[in-house]
There are 2 protein chains.
Amino acid sequence: MATLRDVAKLAGVGAGTVSRFLNESGYVSDDTKLKIQDAMVKLDYTPNELARNLYHHRTGNIAVLVPSVTFPYFARFIECVEGELYERGFKTMICSTAKQQNAEMEYLDMLKRHIVDGVITGVHTLDDDIYRKIHLPIVALDRYLGEEIPVVTSDHKDGGRKAAMVLINSGCHRVMQFRGSQKVKVASPYHERHNEFERVMKEHGILIENYNLAWNHHDSPYYKKIAYEVAPILKDYDGFFAVDEGAAYVMSECERLGMKVPDDIQIVSYDGTFITDLTEPRLTSIVQPVEQIAADAADLIVQRIQGMSFLNKKIVRPVTLKAGGSTISCSTEE
Amino acid sequence: MATLRDVAKLAGVGAGTVSRFLNESGYVSDDTKLKIQDAMVKLDYTPNELARNLYHHRTGNIAVLVPSVTFPYFARFIECVEGELYERGFKTMICSTAKQQNAEMEYLDMLKRHIVDGVITGVHTLDDDIYRKIHLPIVALDRYLGEEIPVVTSDHKDGGRKAAMVLINSGCHRVMQFRGSQKVKVASPYHERHNEFERVMKEHGILIENYNLAWNHHDSPYYKKIAYEVAPILKDYDGFFAVDEGAAYVMSECERLGMKVPDDIQIVSYDGTFITDLTEPRLTSIVQPVEQIAADAADLIVQRIQGMSFLNKKIVRPVTLKAGGSTISCSTEE
DNA sequence: TTGAAAGCGCTAACAT
DNA sequence: ATGTTAGCGCTTTCAA
């Protein structure tokens with residue numbers, strides 16, 4: 001592989017001149033420009049980004065941490081954020097942390113080791129203290145990790161309320177929801193949808209049962225398993241609320257047991273990924289604006305890398321209702 | 001940020017000694033070991049991987065190119081391959097090429113620019129010639145890209161035959177399949193499933209209609225749209241074959257039009273992702289061994305990076321049948 | 001067992 | 001307008 005110095009030598013100029021030509025910094029006469037171009041072609045020269053990066057103390061890489069890539073919401077988030085980062089000149093490194101617990105820690109370490117310039121984390125396993133000690137570019141998805149780390153989130157409280165109102169307006173009297181594990185030390189913003197869902201239900205005098213999900217499980221086999229367990233119990237309920245994949249598995253299990261959706265049980269799902277259109281009936285769902293959230297996350301991490309600092313920055317984006325056939329009414333009004 | 005030299009100075013030793021200590025190469029006396037450790041802690045030292053990589057001419061990054069991250073098969077592939085690469089000491093860079101056509105080219109360029117050490121490509125858009133010119137570590141998924149580039153693939157021919165036999169044994173007489181675009185210059189191995197499906201059907205005197213998919217479209221909205229278009233036509237058919245997502249959308253559209261699965265129309269899907277368990281009835285499907293394929297791809301790219309070379313290497317893994325309720329019989333026997 | 005020195009390939013300040 | 005030089009932070013001979 002030819003180096004910049006090889007090019008300089010062949011062109012009969014100094015290394016600095018070639019560098020200036022490549023980066024369009026400083027003057028290079030047209031005459032030498034041609035000589036350099038010529039040499040570059042002859043040697044099939046490509047600049048070594050590794051050397052350039054060492055000088056500039058940057059890698060151009062951003063790590064995106066998620067519990068699972070196959071979980072539809074995260075898959076879509078990754079797709080969007082990768083596009084946004086690409087447009088801003090960064091490459092996306094991904095890490096699916098479900099399998100290896102230490103992976104999250106390792107990726108944070110990569111910040112210090114100059115392997116990545118920034119981290120966008122959608123993972124909620126490590127102790128917050130660890131994050132508080134790191135004063136490097138981190139952006140969190142749906143989680144407060146200390147005042148220095150900006151957060152991007154949907155308006156989950158409104159989402160929980162909307163989900164509840166749809167089921168209430170559809171005439172439900174006894175509902176169940178899959179709720180995120182309550183064992184995490186600090187409440188994540190996304191817990192609010194379940195808290196609010198419960199609150200609104202109780203406020204309307206409706207019986208609500210919470211099924212607590214295992215901690216940090218976002219894989220299909222898990223949802224499939226608990227859907228199988230829960231479906232028989234749902235014969236005594238007329239409303240159900242869960243994340244898209246959970247809702248879809250529960251719906252198919254219920255139908256397998258002979259229940260009709262929405263006649264016997266009505267279902268509202270959270271996220272609004274492509275899953276919700278795949279079933280019959282389609283799922284009525286609360287849609288997170290994932291494109292917007294990905295763009296926000298990309299903006300924040302890039303700004304943070306460029307030196308901007310934020311204090312208690314929190315971006316909250318509105319959710320919307322998507323009407324499907326899994327509920328009778330699709331109104332969220334009081 | 002403290003550097004290795006800072007540590008050396010504080011410990012009162014030479015830079016080389018610290019380096020040897022860090023890499024456990026060469027001798028370091030216990031006494032100086034302690035002094036170095038002490039200095040490292042005091043300075044909160046972390047090695048700069050960028051500098052180390054410049055010396056070693058490696059980045060530890062591997063790019064994985066897919067048309068779409070949300071397409072369930074690719075999402076699962078990414079998840080698996082990321083895990084496999086992580087275990088082998090590599091980070092996974094992803095690129096979803098559907099949005100930007102030039103992205104594929106740019107990522108190949110990153111090989112030369114020392115941004116990544118290798119590329120695993122599941123994308124089929126660029127001209128083969130471009131690949132033939134690059135003599136750097138590349139591994140292809142489901143595509144022959146010249147004799148130097150190893151290929152990993154499922155036994156798609158057997159997959160096509162199995163799919164056909166299930167529908168035949170279930171009593172179908174008039175079937176349709178979604179088939180990959182025929183416009184690509186070189187046949188990808190995955191086209192074989194559709195060719196074989198058609199061949200077996202014709203061999204058994206069964207009417208087969210091919211619906212040609214648009215080129216390089218793997219997004220949900222596209223499948224949703226064509227499912228909507230095709231479903232009314234399917235009233236005249238009793239069998240259908242497509243990739244998971246296509247099959248699921250078609251099934252829900254058919255049910256919406258009042259058709260019963262499997263009574264009116266039977267469906268077999270290809271890939272066997274989590275999607276196939278999400279519907280009611282579940283989809284009978286041909287399952288690709290994605291975990292195995294990801295492990296193969298990881299093995300090959302790492303070996304290639306380590307200098308091994310392959311000539312016309314092709315790994316073909318067997319597919320299996322997963323029984324679902326979308327067909328009456330699930331036998332693949334003649 | 002250890003230190004000094006020469007690079008990995010590129011950039012930028014400083015002369016000229 | 002251009003060449004020279006001194007690094008970026010680490011590794012690795014080579015001599016001591």
Side-chain angles (χ1 to χ4, degrees), chain A residues 1-40 43-61 109-117 136 305, chain B residues 1-40 43-61 109-117 136 305:
Chain A
M1 277 272 158
T3 73
L4 180 141
R5 281 201 156 79
D6 295 333
V7 174
K9 201 169 292 174
L10 184 62
V13 300
T17 312
V18 178
S19 176
R20 277 187 325 261
F21 170 72
L22 285 170
N23 300 294
E24 296 178 49
S25 58
Y27 297 98
V28 181
S29 75
D30 290 348
D31 191 44
T32 50
K33 268 184 190 167
L34 287 175
K35 282 193 286 185
I36 292 171
Q37 253 165 340
D38 217 51
M40 278 174 52
L43 295 169
D44 189 25
Y45 170 74
T46 317
N48 183 331
E49 216 73 18
L50 225 39
R52 175 179 269 165
N53 288 344
L54 172 60
Y55 187 88
H56 286 118
H57 294 287
R58 58 154 266 159
T59 65
N61 301 328
D109 221 53
M110 288 185 194
L111 270 174
K112 292 193 208 157
R113 287 159 57 204
H114 293 273
I115 290 177
V116 298
D117 298 334
L136 292 167
I305 289 168
Chain B
M1 276 275 158
T3 73
L4 181 141
R5 281 202 157 78
D6 296 333
V7 174
K9 201 169 289 173
L10 184 61
V13 300
T17 311
V18 177
S19 176
R20 277 189 322 263
F21 170 71
L22 284 169
N23 301 293
E24 297 178 49
S25 57
Y27 297 99
V28 181
S29 76
D30 290 349
D31 191 44
T32 50
K33 268 184 191 167
L34 287 174
K35 283 193 286 185
I36 293 172
Q37 253 165 340
D38 217 51
M40 279 175 51
L43 295 169
D44 189 25
Y45 170 74
T46 318
N48 182 332
E49 215 73 18
L50 225 38
R52 174 179 272 164
N53 288 344
L54 172 59
Y55 186 88
H56 286 118
H57 294 286
R58 59 155 265 159
T59 65
N61 301 329
D109 221 53
M110 288 185 193
L111 270 175
K112 291 193 210 158
R113 288 159 56 204
H114 293 272
I115 291 176
V116 299
D117 298 334
L136 293 167
I305 289 168

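None of the values given here were measured: they were computed from a predicted structure. Chain identifiers are assigned alphabetically (A, B, ...) following the order of the sequence lines, protein sequences preceding nucleic acid strands; residue numbering begins at 1 within each chain.
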Given B:Ile305, which of B:Leu136, B:Asp117, B:Val116 fulfils the side chain to side chain contact (heavy atoms under 4.5 Å, CB included) condition?
B:Asp117
Hey, does the side chain of [X] come within less than 4.0 Å of [N]'s phosphate (OP1/OP2), counting only N and O?
X: A:Arg52; N: C:dT11; answer: yes
X: A:Tyr45; N: C:dC10; answer: yes
X: B:Ser29; N: C:dT2; answer: yes
X: A:Asn48; N: C:dC8; answer: no

Hey, which of these two, B:Gly26 or A:Tyr55, hits DNA chain C nearer its 5' end, going by closest nucleotide?
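So the residue in question is B:Gly26.
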Touch class at under 4.0 angstrom, heavy-atom based, for B:Asn53 against every strand present
nothing
Base, sugar-phosphate, or nothing for A:His114, non-hydrogen atoms under 4.0 angstrom?
nothing
Output the residues of residues 7-22 of chain A in contact with DNA chain D, where contact means a heavy atom of the residue under 4.0 Å from an atom of the strand; sort by number or write none.
A:Gly12, A:Val13, A:Gly14, A:Ala15, A:Gly16, A:Thr17, A:Arg20
Could you check which of C:dT2, C:dC8, C:dT11 has an atom nearest any side-chain atom of B:Tyr27?
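Among C:dT2, C:dC8, C:dT11, the one nearest the side chain of B:Tyr27 is C:dT2.
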Bend angle of the helix from C:dT1-D:dA16 to C:dT16-D:dA1 from five-pair axes at both ends, rounded to 10°?
50°
In numerical order, the residues of residues 32-39 of chain A whose heavy atoms come under 4.0 Å of DNA chain C are none
